[in-house]
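Quick caveat, the model's predicted, so the values are computed rather than measured. Remember, it's 1-based here, ligands and their atoms both numbered in the order they're listed.
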Amino acid sequence: MAKIKLMDEILANKIAAGEVVERCSSVVKELVENSIDAGSTEIKVDLLESGTKEIKVTDNGSGMEEDDALLAFSRHATSKLTSEDDLYHINTLGFRGEALASIASVSDIQLKTSTGNIGTIVHLSGGKLVNKSKGDARKGTTITVSNLFYNTPARLKHLKSLYAELAFIIEYMNKLALSHPDIRFCLSNNGNNILRTDGNNNLLKTISDIYGIDVVKKMIEVNASDDDYVIDGFISLPEVHRSSRNHMITIVNGRIVKNNDLNRVINDSYHSYKPDNRYPIVVLNIKLDPSLVDVNVHPTKMDVKFSKFEELKNLISQMIKSAIANKNLIPNVDIDMSEEVYLNEQFLSTFEEPDVSSKEPEVVPKEKPKYEDITLNLERVQEDTPYTKEVYSEDASEDNTHLKDLIKKQEETEKMPELYPVGVVHGTYIICENEKGMYLIDQHAAKERINYEIVKESLASKSVKAIPMLFPLTIELTSNEFIILKQNMDILTNMGFVIEEFGLNSLIIKMHPTWLPKNNEEEAIKKIIDLVIEKEKDFDLSKFNDLVAATMACKMSIKANDRITTEEMENLINDLRKCHNPYNCPHGRPTIIFYSNYDLEKLFKRSGFEQRN
Ligand code: ZN
Ligand code: ZN
């Protein structure tokens with residue numbers, strides 16, 4: 001019986017909404033998803049000129065009989081769905097029946113396919129059958145799409161640069177590889193390898209194929225579950241971050257989704273461990289009962305709707321926070337100055353897909369390199385791409401134990417070791433030592449972290465400690481500000497302020513909480529009042545408290561160039577060690593950097609042949 005059925009018209013129209021072949025990556029996406037649906041374990045994508053000239057997808061899937069091969073190009077054909085009801089319980093990837101027909105209508109297509117018996121070759125041009133013949137019996141399908149948009153010049157013009165087209169495809173293929181570590185993927189452009197995964201069903205190995213071994217060393221394995229959700233995956237240590245959000249990848253029941261709320265939860269879980277405008281590398285597999293998720297919110301946007309979303313968000317947030325909290329996060333000094341950037345990543349970081357739905361500040365994309373640059377890079381990567389030498393190995397099991405070891409090593413180390421101050425550079429950086437090596441502490445950032453945790457704790461605690469002001473402080477406001485403040489007075493009184501109205505549009509402050517910076521009380525109070533007025537529109541107490549704590553912490557901190565005594569250094573180090581997160585200031589900058597004995601020897605070229613003296 002033919003596997004491909006004609007969907008009924010209503011269903012096809014419903015799904016078709018918004019689905020058009022827009023760019024090379026949408027063609028790749030359709031073809032590769034068909035290959036996955038056909039049960040392929042190997043999928044090879046070969047591009048010429050970023051796919052504008054040719055896109056060839058070869059798989060080892062089930063293949064098609066002659067009838068199906070012809071039917072595949074008719075509109076509304078699909079092997080997936082037959083009734084509207086199925087739409088709500090979609091477990092498979094493909095559900096848009098007319099993709100192949102749309103692609104065929106704007107290109108030249110050759111389809112070679114076989115179920116293992118007699119093969120079929122079909123050639124179409126502009127959607128019309130040109131030729132049909134018998135092919136060889138190799139099981140699987142090869143589709144070659146040439147001269148995309150040759151008959152729609154307007155669309156052709158609409159394509160971005162070759163560089164951008166390729167970047168879209170790489171980003172898509174990377175995500176797909178991460179969501180299917182059990183499938184072997186290959187991607188090439190003009191004969192140059194870009195991506196190659198081994199299909200051994202090891203997510204960490206796939207991450208390494210995409211981001212490189214240096215990133216993998218800094219990934220933490222995570223998992224969590226409750227009655228409805230099972231989550232597992234890998235998250236980067238906070239020191240590894242990117243300018244783009246595109247490296248936070250969530251896979252729901254095997255399907256890549258792009259949900260801005262989930263991304264925000266993931267990023268917020270790293271708050272104060274890294275700068276807020278940089279984003280971690282995260283790959284999370286979320287499994288749940290398909291009836292709890294509506295995947296058909298928007299077929300092209302890849303978004304989904306969860307029915308127990310708050311629960312999921314909490315679960316993810318707790319999982320990431322506790323994973324980070326248990327790590328030694330002191331970054332090792334980066335000795336190798338020529339930072340190796342993976343080709344893959346280079347594309348993705350230079351070409352950013354604008355994320356319109358988010359209000360967070362946009363990262364300005366760097367100038368796009370010209371296409372010539374890509375070719376050069378490709379050649380370079382081909383020459384010394386790590387997977388050919390060390391990462392990529394046919395013997396995956398040996399490789400994986402190596403990776404697992406690396407991760408384990410990280411887990412064993414303590415949170416923050418004991419350190420002994422040796423001196424200070426420029427009244428700014430405290431030099432410390434212990435048996436493992438040398439540490440540099442930024443004294444302002446360290447003190448800021450300590451203050452931040454103290455203030456934040458005081459703000460969160462029920463019992464407020466307040467002291468009277470030596471000279472009660474009067475604050476004059478505009479009438480507008482005065483109204484806002486009066487409406488939000490409880491925020492201030494809960495903090496421990498005792499405030500009274502004092503004539504027209506004025507307030508008098510009689511008592512203030514004890515954690516206000518000494519000798520800077522007046523400035524601090526004014527700042528807090530500003531924050532209340534500013535934040536009034538979308539007030540969130542925990543975010544507000546965080547902001548107050550970070551602002552106060554900075555004001556109370558030692559400035560750079562302030563000379564402190566050895567005793568003060570010791571106190572600072574001890575206080576820092578007691579912090580929940582001793583590694584970053586509240587703004588996400590590092591407080592401490594580590595030079596291991598080995599790093600120092602390497603820097604002075606003492607390791608190796610020469611005897612140490
Ligand atoms: Zn500061
Ligand atoms: Zn800071």
Side-chain angles (χ1 to χ4, degrees), residues 237-243 267-280 321 324-325 327-331 333-334 360-361 363 415-416 419 421 424-432 439-460 513-531 534-535 540 542-564 568-569 571-594:
L237 288 175
E239 66 179 281
V240 179
H241 40 65
R242 298 288 183 268
S243 61
N267 192 48
D268 284 352
S269 309
Y270 280 83
H271 176 61
S272 102
Y273 281 86
K274 60 157 191 61
D276 284 341
N277 60 353
R278 303 274 304 177
Y279 305 94
K321 282 178 181 165
I324 297 171
K327 291 280 158 190
N328 177 346
L329 300 174
I330 303 175
V333 64
D334 205 346
E360 290 164 60
V363 185
K415 196 159 175 173
M416 186 168 155
L419 305 173
V424 188
V425 183
H426 292 318
T428 305
Y429 307 108
I430 304 171
I431 306 170
C432 307
Y439 298 76
L440 286 180
I441 295 179
D442 179 327
Q443 66 179 34
H444 172 85
K447 189 72 182 153
E448 204 174 43
R449 161 56 60 177
I450 297 161
N451 295 335
Y452 171 74
E453 295 203 358
I454 294 171
V455 175
K456 226 181 150 182
E457 212 163 283
S458 327
L459 285 170
T514 47
W515 46 260
L516 279 196
K518 300 263 166 318
N519 307 322
N520 266 319
E521 288 86 352
E522 188 174 331
E523 201 193 337
I525 291 168
K526 284 182 176 154
K527 184 73 202 172
I528 292 173
I529 286 176
D530 281 350
L531 291 179
E534 250 172 61
K535 287 277 136 190
D540 168 336
S542 79
K543 281 197 174 144
F544 176 77
N545 284 350
D546 192 83
L547 194 62
V548 170
T551 314
M552 292 306 121
C554 185
K555 285 203 185 309
M556 291 152 76
S557 183
I558 332 157
K559 304 215 169 34
N561 293 321
D562 274 1
R563 297 270 164 189
I564 60 172
E568 286 172 309
M569 289 180 214
N571 290 339
L572 185 78
I573 293 164
N574 285 332
D575 290 346
L576 188 62
R577 291 186 68 211
K578 283 182 217 139
C579 286
H580 293 293
N581 168 15
Y583 316 109
N584 305 90
C585 85
H587 311 95
R589 283 199 298 112
T591 54
I592 180 164
I593 295 171
F594 175 49

Next item on the list: Decide, counting backbone as well as side-chain atoms, whether His587 has an N, O or S atom less than 2.8 Å from the Zn ion (ligand 1).
Entry: no
Check: Any ion pair linking Glu522 and Lys526 (charged N to carboxylate O, less than 4.0 Å)?
Finding: yes
Item checked: Residues Glu239 and Lys274 bridged, charged N to O under 4.0 Å -> no
Check: If you look at Glu448, which of its N/O/S atoms is nearest to the Zn ion (ligand 1)?
Finding: OE2
Next item on the list: May I ask you to say whether Lys543 pairs ionically with Asp546, meaning some side-chain N is under 4.0 Å from a carboxylate O?
Entry: no
Check: Do you see an N/O/S atom of Cys554, backbone or side chain, under 2.8 Å from the Zn ion (ligand 2)?
Finding: no
Check: Within the stated cut-off of 2.8 Å, is an N/O/S atom of His444 closer than that to the Zn ion (ligand 1)?
Finding: yes
Check: More than 12 foreign heavy atoms under 6.0 Å from OH of Tyr429: is that the case here?
Finding: no
